[in-house]
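Below are the structure tokens for one structure; questions will follow.
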Amino acid sequence: MLENISIFASMDAADHALIEQCMVKRVFPRHTIILSEGDSSDSLYLILDGKVKVFLNDENGKEAILNYQTAGEYFGELSLIDDSERSASIMTVEKSTMAVMSKQAFHQVLKKNPDIAIHLLKDLAQRVRSLTDEVKSLALCDVYGRLSKTLQGMAIEQDGKMVIEESFTQQELANRIGASREMVCRIFKDLVKGGYISSGQHQTIINKRLPLRY
Ligand code: CMP
């Protein structure tokens with residue numbers, strides 16, 4: 001189960017087999033809430049297959065999407081490190097398979113394997129950097145700036161074109177950049193009209209460099 005999980009990549013097959021003994025494999029249907037912000041819990045989740053959304057919401061149901069995670073990534077480590085509540089909620093975006101590890105087993109693995117602890121620290125450093133970048137965008141960019149940055153960040157070059165393979169709704173995009181769906185919809189329409197992007201059912205193509213300003 002573990003050879004494709006980034007945090008355990010430095011271990012050999014024998015160590016993987018030992019750790020796997022203290023894990024349970026679980027399959028979650030699409031749209032299952034796995035953790036809720038504020039919960040107390042004591043498990044680490046390794047994504048073997050599928051995709052989850054990391055998000056926050058308020059009492060009116062308004063949602064802010066922090067991240068998406070896919071196979072090979074993990075979540076639920078923060079509250080195991082600082083013995084605190086879950087910092088965000090996690091929901092499956094599609095049917096997903098997880099290996100679930102107890103807090104006790106996770107702590108034992110960290111104590112015995114400094115390489116894993118260093119990997120975890122590097123991942124945390126990257127998370128802080130990405131949050132710093134988000135704060136910068138929220139504080140210094142307008143909605144158009146945030147949207148164009150996000151679209152360009154999601155795109156991957158394919159045969160000379162920038163393609164976004166992920167399917168998303170305009171509401172999801174709005175939740176990701178902290179804007180209203182109406183505003184995202186308006187900008188999207190104008191970008192399509194100007195020939196900057198083409199939007200299909202399963203992919204979005206960025207045809208040319210997006211304008212610096214709206
Ligand atoms: P934990 O706080 O235990 O439970 C929620 C999990 O969401 C958290 O651990 C992290 O694994 C993950 N998480 C929280 N905030 C972020 C973020 N900004 N980016 C990516 N993942 C996050």
Side-chain angles (χ1 to χ4, degrees), residues 1-2 4-9 19 22-26 28 30-59 61-94 96-111 113 116-141 146-147 149-154 166 168 172-179:
M1 285 197 289
L2 299 182
N4 296 323
I5 303 289
S6 62
I7 193 169
F8 295 121
I19 297 177
C22 38
M23 287 184 156
V24 186
K25 198 168 165 179
R26 290 188 62 189
F28 296 92
R30 181 171 182 244
H31 292 166
T32 306
I33 301 277
I34 301 179
L35 314 174
S36 295
E37 182 188 354
D39 279 358
S40 59
S41 185
D42 58 0
S43 303
L44 175 76
Y45 294 79
L46 313 170
I47 310 173
L48 301 178
D49 179 30
K51 184 173 179 183
V52 300
K53 173 170 84 173
V54 185
F55 67 102
L56 304 169
N57 52 10
D58 67 11
E59 58 283 0
K62 197 169 167 220
E63 182 180 276
I65 299 176
L66 298 175
N67 201 7
Y68 287 93
Q69 293 188 333
T70 55
E73 298 182 281
Y74 60 92
F75 59 86
E77 77 291 2
L78 293 187
S79 49
L80 302 195
I81 295 171
D82 67 359
D83 278 322
S84 194
E85 300 170 339
R86 294 297 190 190
S87 59
S89 301
I90 309 273
M91 186 177 83
T92 53
V93 174
E94 55 193 56
S96 305
T97 310
M98 316 276 169
V100 188
M101 187 186 227
S102 73
K103 177 177 178 172
Q104 201 192 8
F106 179 56
H107 281 190
Q108 272 172 10
V109 169
L110 285 183
K111 278 185 197 148
N113 301 279
I116 294 187
I118 290 169
H119 192 117
L120 186 70
L121 283 174
K122 283 191 178 159
D123 286 351
L124 286 174
Q126 272 182 6
R127 221 162 251 176
V128 172
R129 284 181 188 280
S130 128
L131 285 171
T132 303
D133 205 41
E134 292 287 321
V135 172
K136 186 177 174 189
S137 288
L138 281 170
L140 303 177
C141 299
R146 301 207 293 277
L147 183 63
K149 197 172 161 193
T150 301
L151 289 174
Q152 287 172 123
M154 290 162 79
E166 251 177 86
F168 52 84
E172 282 164 347
L173 210 49
N175 293 352
R176 209 156 153 165
I177 62 166

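Remember, it's 1-based here, ligands and their atoms both numbered in the order they're listed.
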* Salt bridge or not for Asp49 and Lys25, using N-O below 4.0 Å? ->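 No, no charged N to carboxylate O under 4.0 Å.
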* **Any donor-acceptor N/O pair, Asn113 side chain to Leu110 backbone, under 3.5 Å** =>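 No: the side chain of Asn113 does not pair with the backbone of Leu110.
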* If you look at every heavy atom in Ile177 and Thr150, which pair is closest and at what distance? ->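 Taking every non-hydrogen atom into account, CG2-OG1, 3.3 Å.
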* Asked: Counting each atom of ligand 1 from 1 as listed, which ones have a heavy atom of Phe75 under 4.0 Å away?
  ->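 In order of number, 11 (O).
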* **Option with minimal heavy-atom separation from atom 8 (C) of ligand 1, where the choices are Ala88, Ser87, Ser84, Ser130** =>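 Going through Ala88, Ser87, Ser84, Ser130 one by one, Ser87 has the nearest heavy atom to atom 8 (C) of ligand 1.
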* In terms of side-chain geometry, is the basic nitrogen of Glu73 or Lys51 positioned less than 4.0 Å from the acidic oxygen of its partner? ->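 Answer for the salt bridge query: no.
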* Any idea which part of Val54 is under 4.0 Å from ligand 1, heavy-atom wise: side chain, backbone, both or neither? ->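 The answer is the side chain.
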* Nearest protein heavy-atom contact for atom 15 (N) of ligand 1: which residue, which atom, what distance? ->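 Ranked first by proximity to atom 15 (N) of ligand 1 is Leu66 CD1, 3.8 Å.
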* Asked: Does Leu80 approach ligand 1 within less than 4.0 angstrom via side chain, backbone, both or neither, non-hydrogen atoms only?
  ->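 Answer for Leu80: neither.
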* Answer yes or no: does atom CD of Glu94 have more than 12 heavy-atom neighbours from other residues, nucleotides or ligands under 6.0 Å? =>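 Counting neighbours around CD of Glu94, more than 12 heavy atoms of other residues, nucleotides or ligands fall under 6.0 Å, so yes.
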* Atoms of ligand 1 less than 4.0 Å from Ser79 heavy atoms? ->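 It comes down to these atoms of ligand 1: 1 (P), 2 (O), 3 (O).
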* Asked: Do any nitrogen or oxygen atoms of Gly76 lie less than 3.5 angstrom from nitrogen or oxygen atoms of ligand 1?
  ->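 So ligand 1 has an N or O lying under 3.5 Å from an N or O of Gly76.
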* Where's the contact between Glu77 and ligand 1, heavy-atom distance under 4.0 Å: side chain, backbone, both or neither? ->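 Near ligand 1, Glu77 shows its backbone as well as its side chain.
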* Does a side-chain N-to-carboxylate-O contact under 4.0 Å join Glu166 and Arg176? ->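 Here Glu166 pairs with Arg176 in a salt bridge, since their nearest N and O are under 4.0 Å apart.
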* Element-labelled atoms of ligand 1 that are located less than 4.0 Å from some non-hydrogen atom of Leu35 ->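 This gives 4 (O), 5 (C) as the contact atoms.
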* Asked: Closest non-hydrogen protein atom to atom 18 (N) of ligand 1, residue and atom name please, with distance?
  ->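 Checking every protein heavy atom, the shortest distance to atom 18 (N) of ligand 1 gives Leu131 CD2, 3.5 Å.
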* Asked: Do any nitrogen or oxygen atoms of Tyr74 come within less than 3.5 Å of a nitrogen or oxygen of ligand 1?
  ->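 No; every N/O pair is 3.5 Å or more apart.
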* How many angstroms lie between atom CZ of Arg26 and atom CG of Leu48, to the nearest 0.5 angstrom? ->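 Going from the CZ atom of Arg26 to the CG atom of Leu48 covers 13.0 Å.
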* **Distance from atom 4 (O) of ligand 1 to nearest protein heavy atom, with residue and atom** =>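 Closest protein heavy atom to atom 4 (O) of ligand 1: Arg86 CD, 3.3 Å.
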* Is a side-chain donor or acceptor of Gln126 paired with a backbone partner of Asp123 at a separation under 3.5 angstrom? ->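 Checking the backbone N and O of Asp123 against the side chain of Gln126, no donor-acceptor pair under 3.5 Å is found.
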